[in-house]
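Just dropping this structure here.
Numbers restart at 1 for each chain; the letters A, B, ... are given by sequence-line order, proteins then strands. Owing to the predicted nature of the structure, the values given are computational and were not obtained by experimental measurement.
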Amino acid sequence: MTELNTAMIEQYRNSFLQEVEANVEEGEWVKMCMQCGVCAGSCPLGNAWEHPPQEIFMMIRAGKREAVLSSDSMWMCTSCYNCISRCPRGLPITHIMHGLAHYAQRLGLVPKNQPTQRFAQMFWQNLNKKGRVNELKLGLSLYFMNGFGEGVKTSLKMKDIGLGMLKTKRMAVTEAFGGHGVKDLSGFQKIMKKAHELEDARIQKSGN
Amino acid sequence: MTEVIATNQTILVVGGGISGLTAALEAAETGKQVVLVEKRPFVGGRITQLYKYFPKLCFPTCGLEINQRRAKMNPNLTIISMAEVTEVQGEAGDYSATIKISPRYVNENCTGCGDCTRAVEAEFDNEFNYGLGGMSKRKGAYLPHKMAHPQRYVLDPRIIGTEDADKAKAACKVNAIDLEMQEETLTFKAGAIVWATGWRPYDANKIQPYGYDRFANVITNVEFERMADPQGPTGGKLLRPSDGKEAKHVAFIQCAGSRDHNHLLHCSRICCMATLKQTHFVQDAWGDDGKSTIYYIDIRAIDRFEDFYTRVKNNPNVSFIKSKVASITENSENGNPVLHGVDVESYNRDGNGGYDRYATEYDLVVLAVGMEPSVDKGTFPVDISINEEGFIEPAPENGGVFAAGCASDALDVNRAVQQATGAALRAIQVVNRVAGTEGQ
Amino acid sequence: MAKKEYSFYPGCSSQQGASSSNMQKSVETMCEELDVTLNQIPDWNCCAASIGYGGGGELPRLTLSARNIALSEQHNTGQDIVATCAACWLATREAAERFHEDDGLMAETNQALAEAGLKLKNETPIRHMVEVLIEDIGYDTIGGKVQRPLEGLKIAGYVGCQTNRPFGIAGESFENPMYLDKLVETLGADPVKNYDKKVQCCGGALAFSEPEKSQDMIKTIIESAYDSSADMIVTPCPVCQMNVEIYQDQINQRHNTKFKMPVVYYSQLMDVAFGRSAKDSALDQQVIKAGKLEALAKK
Amino acid sequence: MADEKKFAGYICTGCGIGERLDAGQLETIATRDGKMQSCRQHEMLCSKEGVQTIRDDIANEGVTHIMIAACSRRAKVEAFNFTEVAMSRANLREGVIWVRPDTDENRETTQEMADDYIRMACAEVKFMTQPTGSGEQELNKQILVVGGGITGMTAALETAAAGYPVHIVEKSGVLGGHAGGYYKSIPTRSPYAEPQDTGISQMIADVEANDSITVHLNSTLARTEGAPGRFNAEIATESGSSETLSFGAIIQATGFKLYDPSALPQYAYDKSADVVTNEELEGLVMQADGGPIKRPSDGKAVESVAFVQNVGQNSTEENELPYHSGIGDMIAIKQAMYFKELNGNCDTTILFDNLRTPGAAGEDFYRAGQQKMITFSKGAVTEVVPGSTLEVKFKDLILNDDATMQCDLVVLDVGMMPNTGPDPYAQLAVEEAEDEAEKEKARALLENAPPSILNLEYRQGTDLPHLKYGFTDSHFICFPYETRRTGIYAAGPTRRPMDMRQAADDAAGAAMKAIQAAENAGKGRAAHPRSGDLSFPSFRKEGCTQCKRCTVECPFGAINEDEKRYPIFNEARCRRCGTCMGACPVRVISFENYSVDTVGQQIKNVEVPEEWDEKPRILVLACENDAYPALDQSAMNGVEITQWARVVPVRCLGSISLSWITDSLNNGYDGIVLMGCQKGEDYQCHFVKGSEMGLERMSKVGDTLQTLNLEPERVASYEVAITDIQRAPKLINDMAETVQNIGMSPFKF
């Protein structure tokens, strides 16, 4: 359990809802849910969610902190925005799910080896390195994320796809060496560093 | 030319639905001069298109008959149909109202004999039955419904200038058809105004996930009401529009457009009871073969009427599912609408965790569409306080303008009439004050 | 017709050698034909769309877009930002809206941008290329440019998610948008009526991490196109295009299907209809060849 | 107007009547058989010229009685509106030509039908008098309001604002009622986001400052007698003094009481001081006086509160309420907001079943509550465990969890019950009971009845009749102020559960009806549904046998008895349904424009052919409110009705005199069809009990038939709705078939 997690538990002993309000992106909307279930019904991956969004909202209000944050449900979000467009209360459900996922990750509560979480992390690192995503490297790191052996297997499985992309010039081997990136990399990185600092400060403050 | 004799002691009632008609009659029967302006060619408004009322399952035309008789017999009441108020100026006790009267092309000579209808050929979607999936047509010369008051036929403006119009004129033996009739504008005085412009069913086309515009067998509750009515387009049989098949398994979707920031923010209050009522239509039509399923967020049966809800709940042929239906698709093989969503009260019901995700087919889906104020916010021809939902606020600053019925909130008939009766009193207070200062 | 200029945000996948470089190519051709100039935002960066939230928090993520908008406002002053990638458009527009709603966030992002001497005014409309086509150019003009009507092609218009929700194209429904069908019709082809997977999610960003879940959804999209006897699927979205196109072999292996459904961009259809070559239309970059379209392009 | 009667007939030949019928023959019938002194034909009688002809005859020829043979009496009412003469209408259009096929073989019977309708209308008008009112009425504009809560005060202020003086009689020592003890009320104005001031103090000040309003505190009604326009109410004070004042009409705004949750032990209401009802919470908030709300047991400021909704409501259990207040969830949101306002970061949870926040105001308020971090849980509370901290056990219906929550205070949403007097029909049931056991049962029911509020000196009991669950009328959806005690209108939660805004609207509505009743009484006009009717029941005392049928059966309790048990007709209470007339076995009750004769003579004047002519006659007595309009509409649809039928509209099935039945059978009619409105719990009869009374009487007509040795099928009674457009004609045609099967009546001569 991370230090931040402990601090948050201490701080929001009474109300998980308030914790979510303060720390989760768009978390202040959670209280507005009226349990109609249209989000759950609209989700294209609904059957993959142990706890669909409307239940997560109810669990938050019922104080089921651990169950919510360590759930992998919100990692199932495909960002299709069906729920947002249909929610009668205008809850930005997609964003709340993203926010909860991110918050759980920040607190170190994501289930081990949650693939989307891991991929997301790689993606974030990848794009931050040069300011633009390097698809080739991202793909490779994805294949090898479960170790070298698994990686080779996955690579083999994906080989035809890769070849297809290479042949149609929609993947470039050159990307493995350098590749695209922003020119003002140092400026870019300074901006991102500052943004991280500001956000961390906000969360830290909330946990104290 | 239409003539209106009105003074500052006259009460103007805008809208001749059940609320406006009630306010007008109550005031007229208390000896006040009343002018009632109604947009449609007949009074009675939306209730004329309802088959039955909840919770008594009685017939709206029954009370309409009494009200129309009261109207016919009361010399204090002037009804101007096919007219709309376009402008109101002045203040309490001294208003001047301008109305626009659309041509009916039929004058008061009309005896209601129906010769013109028999003479014309052109047919149009019957708005009285909401067209109902193209199932319902009427002639270009028509009486809107059997009990229409005034009992005067109407020529559809679309036949004017066609041969049909001449045929209608030729068929009329009492010289009631006037093809030269023009739109009229009229301005007259009033001391107080009762604003009773009522509601319209929310446009179901806008509720895109339910595909009302795409699937023939998804209809609205007001259409279902016409379908159940023996005077309606199917002769009272529950036959679905796509293929005329008997609709035995019917789903009702509550809050179709209500309680929804994408549509109407408010709860329309009446739709729960209306649906509970309509499950009776299914039961009455097919007995135990008729099955109704109600998809709801909260059932809001209206206070004293909760016993009605209890009775429906105990009917084994009616099921309730707490769920806002996410979407409807169509089974292209049989035309059945398929409802998709999640039952939010089903968590771990089968012991396997999770919620029940349904994809259920029905013969027919009825959208319990909500009530939208008839007059669009921002288009009121009078300066009064309108709330976010478009209803008239009970605001003292409205002066001598008093909302009645569904112009003030989403109300059931009983409450609308109750509220309209109060509005009549408030109008009387104003004109009595005028009388006091003017001396009778 | 007056020349139209926009500040263009291509996004990472549109770069040379990247997965939707074919879209980029065909869009360039299309813009030539329509007399539209796209001025790339100088030194743009990734917007972290789709999956960025998992790693980056709210402010860092939104700041990525803030930098792009700020650069655009500085260098392409007065020009609407236009994106071709649905995810890029969505992420950028979402960021702009969030900054409008939340002054605190706006202040913080500017604090971060100041580190590199940038400032976000957030006065720039963020638009999708489809909006430009419909609102600024119009079907009539597009129709007028058609030299080679796509006669005999039956095309399933697959709009997908992010071009469509939560913003969508003004006047279009989230559940049944018609613009793609209208465009197909304008180009002389035959749109599949009531294509019921028109707005079905393809699994988007989960294609990598949850391939089976994603591919199950893709399968329905392709099946439905076959059911309507479509010759190909057209889409405005690069995520959709790639997902639906490149996993068909894997789906075939898992489900014993025989999918070989070409998936093209609207811009490719336009290019061919406007009389351009298969190469200009980037048809050579199809993993599954759009044979009928290529044949037309040769006429 | 000259005393001499002058009869004139008018036959319209428009709308195809002239083409289908021999108008000359009709005219002959009218003058020869119908004894019209003059008769004119007109090709369009409802036209300006046609109507003018009639007007001229009235003005110049001294015509006092007119017979119009044209369309249905429901059509062209405005044109044929001659208030100064007696008028009957023969229905040749909807009643004859539209329901008979236009073929040669039918020509004769169609003409016979029309001939009969002319005879009937002539006979009817001959026995009619144009009603003019009794002349005894006077206008009394003073209105009595019973109850000084929100509803009563609003009613008083609204009435006074219309220029009518008011007296409020309030049982307690203060005005304000329940709401007087409330901290705030549910918002009544947009944006419906915050509880608002109740406005009670201002309202009390307004009442007290109003010169037209007199308030009687600590007072009750010891006795109320009379009728609209002349109610005399004895207002008794606690101290024993009393005064009697006269009123035009009465508004009963006696409000509600609350359900006692002691009956439901699971909520521990009796076990813990910290379990309170929603109304008791208002008291706690008032006590807090702007500070934090404290729990009763130990005065600790409440840090968490649970609102348990739907307590003892919407239930099928005995001793619980079968209905719902409807406003409990709005109250809970309001009260949870109190805690947010006064108790800092207090946890507020509302445990509901169906959240009832209807309308625009409701949904706005719900969202406002959510904004304020009130927790809403769909949960069924199973138990409240008392203790220093209360434990609420509930089933979370969304998470399917057996959950518990700890809190300092539990607030129970208990339902509103009407504050009404004893049901007069429960009182009457004792008298009407047929045996001692039944009488005893009825008495037992009465024992638990609440004390009287109005103390009416009415033959039919002391108070307003109950509709359901103790609430008062109206049963009519279209007519919420329809009352069974003319001139006495209930308003507020005594009619149905409601909040303050609705109660205020309702008060205005009742005030409207009250001033209208006073005005009507002043002019001798009937109230709804025969609005404006100036006739009234009169009776021949010498023929009366004091049988009390009329005083018991009057659906409106209009008829009292004098010391010798003769009926006293209180005409301003009367609604002109004629149930008394139908009830009277000796036929001594009549109206000027509707009597045993006006119908009886129509029946007699139908020409009944000889048996061997094989032309049966079927008498149809159809309620004018529903069955007759249904027949009109079926005529518009061109549905055929047997040529043997002769339809007579009646005011109500309850007004049908048995003599009409026996006379027509004796005269050789072959069948009789009676059509009234739906009776029973969901009655549709506009005169409440009229059709039930009528049908009850008709069920005994078998004896008569037996005496005459006639088949029982010859008389059939039905409940017919206005929508029975297909069914109504079928019922008549069925009778024709029945007659065909069983043969003609042997009573022809």
* Checking D:Glu363 against chain B: side chain, backbone, both or neither under 4.5 Å from a heavy atom? ->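 Only the side chain of D:Glu363 comes within 4.5 Å of chain B.
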* What residue in B:Lys173, B:Glu388, B:Arg69 has the most heavy-atom pairs under 4.5 Å with chain D? ->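 Greatest number of close heavy-atom pairs with chain D: B:Arg69.
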* Supply the atom-to-atom distance D:Arg356 CZ to B:Arg300 CZ, rounded to the nearest 0.5 angstrom. => 9.5 Å
* Charged N-O contact under 4.0 Å between D:Arg495 and D:Asp506 -> yes
* Asked: With a 6.0 Å cut-off on ring centres, are D:Phe365 and D:Tyr192 close enough?
  ->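 So the answer is no for these two rings.
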* Cationic N near anionic O, under 4.0 Å, D:Arg189 to B:Glu397 ->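 The answer is yes: the pair qualifies as a salt bridge.
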* Asked: Among D:Arg74, D:Glu43, D:Glu519, which residue forms the greatest number of heavy-atom pairs with chain B at distances under 4.5 Å?
  -> D:Arg74
* To do: Against chain D, label B:Ser346 side chain, backbone, both or neither, depending on which of its atoms sit under 4.5 Å from a heavy atom there.
  => neither
* Asked: Do B:Arg349 and B:Asp356 meet the salt-bridge criterion of a basic N to acidic O distance under 4.0 Å?
  -> yes
* To do: State whether B:Asp229 and B:Lys52 are salt-bridged, where the test is any N-O pair (Lys NZ or Arg NE/NH1/NH2 against Asp/Glu carboxylate O) under 4.0 Å.
  =>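 So B:Asp229 does not pair with B:Lys52 through a salt bridge.
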* Asked: Which atoms of B:Phe308 come close to chain D, meaning under 4.5 Å heavy atom to heavy atom: side chain ones, backbone ones, both, or neither?
  -> neither
* Asked: If you tally heavy-atom pairs under 4.5 Å against chain D, which of B:Lys56, B:Glu389, B:Glu26 wins?
  ->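 Answer, by heavy-atom pair count under 4.5 Å with chain D: B:Lys56.
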* Portion of B:Asp307 that has a non-hydrogen atom of chain D nearer than 4.5 angstrom ->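 Interface part for B:Asp307: both.
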* To do: Could you tell me which portion of B:Leu25 (side chain, backbone, both or neither) has an atom closer than 4.5 angstrom to a non-hydrogen atom of chain D?
  => backbone
* To do: Tell me, for B:Ala395 versus chain D, whether the close heavy atoms (under 4.5 Å) come from the side chain, the backbone, both or neither.
  => both
* Out of D:Asp329, D:Thr83, D:Thr357, which one racks up the most heavy-atom pairs below 4.5 Å with chain B? ->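 If we count pairs closer than 4.5 Å to chain B, D:Thr357 comes out on top.
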* To do: Specify whether D:His475 and D:Tyr683 have parallel, tilted or perpendicular ring planes, treating 30° as the upper limit for parallel and 60° as the lower limit for perpendicular.
  => tilted
* Below 4.5 Å, heavy atoms only, C-beta onward: do D:Phe479 and D:Pro529 meet side chain to side chain? ->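 No. Closest side-chain heavy atoms not under 4.5 Å.
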* Given that the side chain runs from C-beta out, which part of B:Ile299 has a heavy atom under 4.5 Å from chain D: side chain, backbone, both or neither? -> both
* Asked: Between the side chains of B:Asn348 and D:Asn400, is a donor N or O closer than 3.5 angstrom to an acceptor N or O?
  ->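 No pair is found: no donor N or O on one side chain lies under 3.5 Å from an acceptor on the other.
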* **Part of D:Met44 lying under 4.5 Å from any heavy atom of chain B** =>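 The side chain, not the backbone.
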* **Residue part contacting chain D, namely of B:Lys72, when any heavy atom lies under 4.5 Å** => both
* Charged tip of B:Arg259 within 45° of D:Tyr366 ring normal and under 6.0 Å -> no
* Does D:Phe476 have its ring centroid less than 6.0 Å away from the ring centroid of D:Tyr481? -> no
* Against chain D, work out which of B:Lys322, B:Gln231, B:Arg304, B:His266 has the most heavy-atom pairs shorter than 4.5 Å and name it. =>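 Highest number of heavy-atom pairs under 4.5 Å: B:Arg304.
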* Charged tip of B:Lys277 within 45° of B:Tyr51 ring normal and under 6.0 Å -> no
* Asked: Pick from B:Asn175, B:Asp115, B:Asn67, B:Ile18: which one has the most heavy-atom pairs with chain D under 4.5 Å?
  ->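 Among the listed options, the one with the most contacts to chain D is B:Asn67.
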* Select one option (side chain, backbone, both, neither) describing which atoms of B:Phe391 are under 4.5 Å from chain D's heavy atoms. => side chain
* Side chain, backbone, both or neither of B:Pro75 within contact of chain D (heavy atoms, under 4.5 Å) ->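 Neither part.
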* **Proximal component of B:Arg70, with respect to chain D [non-hydrogen, under 4.5 Å]** => side chain
* Option that, when pairs with chain D are counted at under 4.5 Å, heavy atom only, ranks first among B:Cys62, B:Gly390, B:Gly422, B:Ala410 -> B:Cys62
* Going by an N to O cut-off under 4.0 Å, is there a salt bridge joining B:Asp298 and D:Lys378? -> no
* To do: Using a cut-off of under 4.5 Å on heavy-atom pairs, state which of D:Thr159, D:Ile327, D:Leu397, D:Asn520 scores highest against chain B.
  => D:Leu397
* To do: From the options B:Asp412, B:Asp409, B:Asp303, select the one residue that forms a salt bridge (charged side-chain N to carboxylate O under 4.0 Å, His left out) with B:Arg269.
  => B:Asp409
* Asked: Between B:Asn109 (side chain) and B:Ala176 (backbone), is there a donor-acceptor pair under 3.5 Å?
  ->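 Pair absent, no side-chain N/O of B:Asn109 close to backbone of B:Ala176.
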* Relative to chain B, which of D:Thr723, D:Val77, D:Asp353 shows the most heavy atom pairs under 4.5 Å? ->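 Of D:Thr723, D:Val77, D:Asp353, D:Thr723 has the most heavy-atom pairs under 4.5 Å with chain B.
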* Asked: Under a 4.5 Å heavy-atom cut-off, does chain D meet the side chain of B:Gln68, its backbone, both or neither?
  ->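 No part of it gets close to chain D.
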* Would you check if B:Cys255 and B:Asp260 make a side-chain contact, meaning some heavy-atom pair closer than 4.5 Å? =>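 Of all side-chain heavy-atom pairs linking B:Asp260 with B:Cys255, none is under 4.5 Å.
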* Asked: What part of D:Thr316 lies closer than 4.5 angstrom to a heavy atom of chain B: side chain, backbone, both or neither?
  -> side chain
* Does B:Arg426 pair with D:Asp505 as a salt bridge, N-O distance under 4.0 Å? ->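 The answer is yes: the pair qualifies as a salt bridge.
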* Structure fact -> Whatever's closer than 4.5 Å to a heavy atom in chain B on D:Leu45 counts as neither
* Ion pair check, B:Glu306 and B:Arg311, cut-off under 4.0 Å ->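 Looking at B:Glu306 and B:Arg311, the cut-off is not met.
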* Asked: Does any heavy atom of chain D fall under 4.5 Å from the side chain of B:Gln151, the backbone, both, or neither of them?
  -> side chain
* Using a cut-off of under 4.5 Å for heavy-atom pairs, which of B:Thr61, B:Ile66, B:Val417 has the most such pairs with chain D? -> B:Ile66
* **Structural part of D:Gln313 lying under 4.5 Å from a heavy atom of chain B** =>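 No part of it gets close to chain B.
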* **B:Cys172 versus chain D, the contacting section by heavy-atom distance below 4.5 Å** => neither
* Checking D:Asn637 against chain B: side chain, backbone, both or neither under 4.5 Å from a heavy atom? ->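 D:Asn637 touches chain B through backbone and side-chain heavy atoms alike.
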* In terms of heavy-atom pairs under 4.5 Å, which option from D:Pro358, D:Ala527, D:Ala160 contacts chain B the most? ->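 Going by pairs under 4.5 Å, I would pick D:Pro358.
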* **chain B contacts, top residue of D:Gln726, D:Arg501, D:His686 (heavy-atom pairs, under 4.5 Å)** =>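 Most heavy-atom pairs under 4.5 Å with chain B: D:His686.
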* Asked: Where does B:Arg433 contact chain D at under 4.5 Å (heavy atoms): side chain, backbone, both or neither?
  -> side chain
